[in-house]
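Since the structure comes first, as C-alpha cells, the remarks are kept for the end.
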Amino acid sequence: MAFEGITLALSKGRIFEDTLPLLAAAGIAPIDDPEKSRKLIIDTNRPDVRLLIVRASDTPTYVQYGAADLGIAGKDVLIEHGGAGLYQPVDLQIAKCRMCVAVREGFDYAAAVQPGARIRVATKYIQMARDHFAQKGVHVDLIKLYGSMELAPLVGLADAIVDLVSSGGTLRANHLVEVEEIMAISSRLIVNQASLKMKHAILQPVIDAFAGAVK
Ligand code: ATP
Ligand code: MG
C-alpha cells in the first residue's frame with residue numbers, strides 16, 4: 001500500500017548531520033543511522049514521517065516528481081537542477097560554503113578574464129560557471145568533471161576551476177588560490193507544490209518547525 005505520510009529526501013554526510021537538530025525541532029528522530037545502515041528508506045519515531053537517502057544532486061529530482069514531498073538541497077544543486085516545480089520556503093543556513101573561482105598560484109587571472117578573452121574552466125557546476133563568465137563577457141570552454149576539480153589546473157586540463165570552498169584547505173594543499181567568490185551557498189528546504197496542497201495539514205507544521213529552528 002502507498003505510504004500515506006510525508007517523505008523527506010536528503011543526502012548522507014553533512015546535510016544529514018546538520019538536519020538532525022532541525023528534525024528534532026519538528027519532533028522527528030530517525031530510527032536508523034544512514035551512515036551505518038544500508039537502508040535507503042529510513043523510518044522515524046513518527047509513523048507518518050519517513051526519510052529517503054539520496055545522492056545530494058538527486059534530491060531536487062525526487063521532490064520535483066513527488067517521490068518525496070520535501071527535501072533538503074544545497075543552493076548549488078538547486079541552481080544546477082533549475083528548481084522547476086519546487087517551492088523553496090526556507091534557507092536553513094546549514095552546509096554553508098561558497099562557490100568560487102580558483103587558479104594555480106602565479107596564474108595571471110586578471111589577464112585571463114579581460115573582456116573578449118577565452119578561458120578554460122573545469123567544474124561540476126556547468127550552469128553557474130557559464131552564467132558567471134557570461135556576465136563578465138569572457139568566452140569560456142567548460143570541461144565537466146565530477147570531483148577532485150583541484151587537479152585540473154595542476155595538470156593543464158584547465159586554467160581555472162569553479163568549485164565549492166569552505167575552509168580553503170584543499171586549495172592550499174594543491175597550490176591553488178581563490179580569485180573570485182561567485183556566491184555564498186547554504187542548503188534550502190524544498191517542497192513539492194502538489195504535496196503542499198494535498199498534505200498541507202501534516203506538512204505545514206514540519207515546515208514551520210524547520211523555519212523556527214534556523215539559527
Ligand atoms: P557527492 O559528494 O555525493 O559527489 P556532493 O558533493 O554534492 O555529492 P555533499 O558533499 O554531501 O554532496 O555536499 C552536499 C551539499 O553540501 C553540497 O551541495 C553543498 O551545498 C554543501 N557543501 C559541499 N561542500 C561543502 C563544504 N566543504 N562545506 C560545507 N558545505 C558544503
Ligand atoms: Mg562532496
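First listed ligand is number 1; within each ligand, the first listed atom is number 1.
Between the side chain of E80 and the backbone N or O of Q127, at least one donor-acceptor pair lies under 3.5 Å. Under a 3.5 Å cut-off, the side chain of K144 and the backbone N or O of K124 do form a donor-acceptor pair.
A salt bridge is absent between R50 and D43; no separation between the charged side-chain nitrogens and carboxylate oxygens falls under 4.0 Å.
Environment of CE in M183: crowded, with over 12 heavy atoms of neighbouring residues, nucleotides or ligands closer than 6.0 Å.
Protein residues with any heavy atom under 4.0 Å from ligand 1: K12, R14, I15, R55, A56, G74, D76, V77, A95, K96, C97, K124, L164, S166, I185.
Evaluation of the side-chain contact (heavy atoms from CB on, under 4.5 Å) rule for E150 yields I161, D163, T170, L171, N174, L176 as partners, not counting sequence neighbours.
None of R98, R104, R172 except one satisfies the salt bridge (charged side-chain N to carboxylate O under 4.0 Å, His left out) rule with E178; the exception is R98.
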